[in-house]
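Okay, so here's the structure we're looking at.
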Amino acid sequence: MTILGIDIGGSGVKGAPVDPARGELLAERVRVPTPQPADVDSVIEAVAEVAAQFDGFGSIGVTFPGVVVDGVTRSAANVDKSWVDAPAAQLFTERLGKPVTVLNDADAAGVAEVAFGAGRDQSGLIMMLTFGTGIGSALFLDGVLIPNTEFGHLELGGADAELLAADRAREVEDLSWEQWAARVERYLRHVEMLLSPRLFIVGGGVSKKSEKFFPLLDIRTPIVPATLLNNAGIIGAAIAAGQAAAGPGPQDPGAIQVDAAEPAPQA
Ligand code: BGC
């Protein structure tokens, strides 16, 4: 079954048809700029423009850079505030004429990494963090997503952590890799103190430059870059839409089971 995956980012709305069973794009992805302001109506039109480039898909998965509960967007840190409490899944479904599943962008990227990328066959508690315009988080226990964790907004020294340590802070403040890595290290140490994950998977555009800052990080938790690069959100959105089409699983209907395989043996 082909599913269209669409990733709404701070600068671009990207989409491609996906084979969710293999975690692979079936065509080259299409990108349109994210409208500014990124209000509900304009973003829906941008998503429709991407969807119009493809056919042959049964349903659509869309990522959103904020909290999404039951298809309703509940926060909007880096997009227009018209998204707060918008019935996003319903609005997309009406506009696109096909069933649409909406989920948080970091959750989607994590779902893809856990199913097909850096988190594959990892049991226990693992955490995906995306460093981009903001900091997104996705937490998994034995392959099951605990959605909408929002650990990018932990408070660090009185400030919102993503304002200090997102990749945007590095760019806007023109920080050296050493300066930025010191902030990321402080953030990761705080997260590991709170959660003791078994593994950090780092995504977002900056994960392609992991060799510039991973060696500067002094933390206890193993840390690896995401392996699906810019396509993790698109693939994860399609996986979530495929699972929604299949109906709720035996476990928590709010959680997304990404790996039905036996958990890997504990070390
Ligand atoms: C939002 C998260 C999102 C992250 C990355 C944060 O500001 O609150 O929901 O996952 O940015 O886009």
Side-chain angles (χ1 to χ4, degrees), residues 5-15 31 33-40 43 46-47 61-86 88-89 101-114 119 126-140 145-156 159-172 180 183-184 187-188 190-191 195 200-208 225-226 228-237 239-240 254 256:
I6 298 184
D7 192 19
I8 300 174
S11 57
V13 176
K14 296 141 281 182
R31 178 186 190 279
T34 303
Q36 299 300 337
D39 58 88
V40 174
V43 172
V47 167
V62 175
T63 76
F64 177 76
V67 172
V68 186
V69 178
D70 294 335
V72 176
T73 46
R74 296 285 191 202
S75 74
N78 294 307
V79 281
D80 185 78
K81 302 300 173 224
S82 56
W83 284 98
V84 176
D85 293 336
T101 300
V102 186
L103 77 163
N104 172 264
D105 56 356
D107 284 350
V111 162
E113 289 293 332
V114 165
I126 67 173
M127 192 163 195
M128 167 105 193
L129 292 167
T130 61
F131 290 83
T133 308
I135 297 178
S137 65
L139 193 62
F140 294 83
L145 172 67
I146 297 153
N148 291 312
T149 46
E150 292 294 318
F151 285 116
H153 297 292
L154 286 172
E155 197 178 297
L156 263 195
D160 189 345
E162 76 171 19
L163 298 179
L164 283 176
D167 194 40
R168 181 164 63 180
R170 184 180 66 84
E171 288 174 359
V172 170
W180 184 66
R183 294 184 184 191
V184 173
Y187 173 68
L188 293 175
H190 193 59
V191 174
L195 293 165
F200 284 127
I201 302 172
V202 172
V206 76
S207 64
K208 278 179 279 181
L228 300 172
L229 305 174
N230 289 338
N231 296 328
I234 293 173
I235 295 169
I239 295 172
I256 296 176

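Keep in mind it's a predicted model, so treat the numbers as computed, not measured. Indexing begins at 1, ligand by ligand and atom by atom, following the structure's order. Along the sequence shown, residues are numbered consecutively beginning with 1.
Proximity to G66 (heavy-atom distance under 4.0 Å) selects the following atoms of ligand 1: 9 (O). Residue contact check: G136 has heavy atoms under 4.0 Å from atoms 4 (C), 5 (C), 10 (O) of ligand 1. Atom numbering of ligand 1 starts at 1 in the shown order; those under 4.0 Å from a heavy atom of H153 are 1 (C), 6 (C), 7 (O), 8 (O).
Contact annotation for P65 and ligand 1: heavy atoms of both the backbone and the side chain come within less than 4.0 Å of the ligand. Here N78 has side-chain heavy atoms under 4.0 Å from ligand 1, and that is the only part of it that gets that close.
Remark: among candidates L163, T149, I135, the nearest residue to atom 4 (C) of ligand 1 is I135, based on non-hydrogen atoms. Looking at N104, D105, N148 and measuring to atom 5 (C) of ligand 1, the nearest heavy atom belongs to D105.
When only non-hydrogen protein atoms are considered, atom 11 (O) of ligand 1 lies nearest to E162 OE1, 3.6 Å. Protein heavy atom at the shortest distance from atom 9 (O) of ligand 1 is E150 OE2, 2.4 Å.
Between W83 and F64, the two ring planes are tilted [angle within 30° to 60°].
With hydrogens and angles ignored, the 3.5 Å screen pairs no side-chain donor or acceptor of D85 with any backbone N or O of R74. Using a distance-only test at 3.5 Å, with no hydrogens or angles considered, a donor-acceptor pair links the side chain of S82 to the main chain of V40.
For the residue pair R168 and N78, a side-chain donor N or O sits within less than 3.5 Å of a side-chain acceptor on the partner.
Between the CD atom of E162 and the CG atom of D167 there is a distance of 12.0 Å, given to the nearest 0.5 Å. In this structure, CG in L139 is found 6.0 Å from CZ in F151, a value given to the nearest 0.5 Å. To the nearest 0.5 Å, atom CE of residue M127 and atom CG of residue L188 are 9.0 Å apart.
Under a 4.0 Å heavy-atom criterion, G152 is not in contact with ligand 1.
At least one side-chain heavy atom of N148 sits under 4.5 Å from a side-chain heavy atom of D107.
Considering both main-chain and side-chain atoms, T130 never comes within under 3.5 Å of ligand 1 through any nitrogen or oxygen pair. Polar contact with ligand 1: absent for S137 (N/O pair, distance under 3.5 Å).
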